[in-house]
Number of protein chains: 2
Amino acid sequence: MTTSLARTDTSTSPRKRAGNGAALRDDVDQIGLDALVGHAGYAVRRFQLWIFQDFIKTLGAVDIRPTQYSVLTVIGANPGLSQMAVAKRLGIERARLVHLLDSLEQRRLVKRIKSKTDRRSHALHLTAQGDTALAKFKRLAAAHERHVEEKIGRANREQLLQILACFT
Amino acid sequence: MTTSLARTDTSTSPRKRAGNGAALRDDVDQIGLDALVGHAGYAVRRFQLWIFQDFIKTLGAVDIRPTQYSVLTVIGANPGLSQMAVAKRLGIERARLVHLLDSLEQRRLVKRIKSKTDRRSHALHLTAQGDTALAKFKRLAAAHERHVEEKIGRANREQLLQILACFT
DNA sequence: CGCAATTGTTGTCGTCAACAACAATCTTTC
DNA sequence: GAAAGATTGTTGTTGACGACAACAATTGCG
């Protein structure tokens with residue numbers, strides 16, 4: 001059993017100065033996380049924060065954020081998709097995709113082409129400029145992925161991808 | 001270009017709507033992710049979304065969100081911490097922690113006690129009510145963690161925690 | 001034809017991270 | 001001991017993001 005409700009002292013036994021308002025323990029390394037260490041969500045949240053920050057920093061020169069990169073990649077690999085299809089595939093709101101595409105279209109990376117078979121929808125394509133830009137983005141993204149590998153290890157990254165493959 | 005195929009069609013393959021012809025490919029299962037499949041960040045983002053939604057839903061009856069839970073857990077395990085110490089340990093902005101604590105203090109789960117040794121800082125403690133409430137939260141959080149286990153498998157969850165331990 | 005569903009769009013709301021600035025208070029340094 | 005610098009809590013702003021709701025135009029189907 002992982003956590004019984006008994007408040008047993010955690011792994012490390014930090015000196016609990018039980019006194020109210022006693023000295024404050026500011027030493028970060030000594031602060032126990034208690035039940036949090038058993039929660040995958042906490043570790044994943046911290047990891048995602050780190051990984052997104054590295055992505056944003058690594059692609060900072062081209063000003064591309066993770067969500068923008070995912071949209072460009074999917075459109076590049078599947079030209080002609082509708083906004084609804086991209087939104088569903090990436091798990092983002094179609095309302096949000098509107099603003100994403102507005103930004104990418106303003107930057108001449110993507111174009112919305114009115115579909116002839118369904119006048120409601122737009123067929124999404126990369127512009128020629130967007131195609132060459134995406135190639136550059138992919139190189140930078142690969143560099144970012146190497147940072148991940150250096151951080152958690154090559155084998156661990158592989159296992160991670162395999163474990164979470166069911167969410168992609 | 002890169003043809004990434006062989007998507008193992010997983011569980012639900014409901015009903016492929018016999019929509020219009022070959023104009024727009026709306027079939028979500030057939031849309032390739034291209035370079036995204038090799039990016040840990042994408043999988044982690046999707047996973048975190050799923051795991052947080054399950055957490056929020058599982059703890060919906062008590063109206064506790066992941067960040068609130070993490071704050072309560074750390075305070076419960078380390079009474080007397082300053083706000084700065086909690087913020088640094090959990091990796092959240094101290095400005096954000098202010099609002100978090102305002103909310104938790106209004107709900108009588110946490111109390112800020114003015115430190116005698118450092119009149120700038122507050123010593124954070126759970127109230128008696130907060131202590132019993134946290135015990136209940138932990139039971140619900142354990143149920144959420146079982147959902148994670150059912151989703152990705154027991155061994156995979158263990159490996160995930162081990163791989164990401166360096167971020168906690 | 002008529003009605004339900006879909007698509008793109010606009011808007012609002014709440015969460016969250018990242019900064020910047022500030023007053024009060026400690027700490028260091030001269 | 002006083003001035004200068006650092007820390008703590010606080011307030012505010014900005015922007016990305018997810019979740020909803022409503023709407024017009026359009027399509028599909030009974």
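Worth saying up front: this structure is predicted, and the values here are computed from it rather than measured. Order of the sequence lines sets the chain letters (A, B, ...), proteins ahead of strands, with each chain counted from 1.
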Legend entry - Selected nucleotide, minimal atom distance to B:R120 side chain, candidates D:dA6, C:dT7, C:dC16: D:dA6
Inset, instruction - With the side chain of B:M84 defined as its heavy atoms from C-beta on, choose the nearest nucleotide among D:dA16, D:dT26, D:dG9. - result: D:dG9
Whole-Å distance separating the [atom1] atom of [X] from the [atom2] atom of [N]:
{"X": "B:I56", "N": "D:dC17", "atom1": "CD1", "atom2": "P", "answer": "17 Å"}
{"X": "A:K57", "N": "D:dA16", "atom1": "NZ", "atom2": "P", "answer": "20 Å"}
{"X": "A:R65", "N": "D:dA16", "atom1": "CZ", "atom2": "C1'", "answer": "6 Å"}
{"X": "A:D63", "N": "D:dA16", "atom1": "CG", "atom2": "C1'", "answer": "12 Å"}
{"X": "B:F52", "N": "D:dG18", "atom1": "CZ", "atom2": "C1'", "answer": "13 Å"}

Legend entry - Earlier contact from the 5' end, DNA chain D, for A:R119 and A:P66: A:P66
Inset, instruction - Hey, can you tell me if A:W50 and A:F47 have their rings parallel, tilted or perpendicular (30° and 60° cut-offs)? - result: parallel
Inset, instruction - State whether B:T67 places a side-chain N or O below 4.0 Å from either non-bridging phosphate oxygen (OP1 or OP2) of C:dC16. - result: yes
Inset, instruction - Take B:E105 and B:R112 through the salt bridge (charged side-chain N to carboxylate O under 4.0 Å, His left out) test and state the conclusion after the steps. - result: CA-CA 8 Å; B:E105 206 170 22; B:R112 289 187 248 222; 3.0 Å; yes
Legend entry - Backbone N/O of A:G41 and side chain of A:R46: donor-acceptor pair under 3.5 Å: no
Legend entry - Side-chain donor or acceptor of B:D54 paired with backbone N/O of B:V148 under 3.5 Å: no
Inset, instruction - Please work out which residues in residues 92-114 of chain A have a non-hydrogen atom less than 4.0 Å from an atom of DNA chain C and list them by number. - result: A:R94, A:A95, A:V98, A:R112
Inset, instruction - Taking the six-membered ring for Trp and the full ring for Phe, Tyr or His, determine whether the centres of A:H39 and B:Y69 are under 6.0 Å apart. - result: yes
Legend entry - Comparing A:Q83 and A:R45 on DNA chain C - which has the more 5′ nearest nucleotide: A:Q83
Legend entry - Test: B:K151 cationic atom under 6.0 Å from A:F167 six-membered ring centre, within 45° of axis: yes
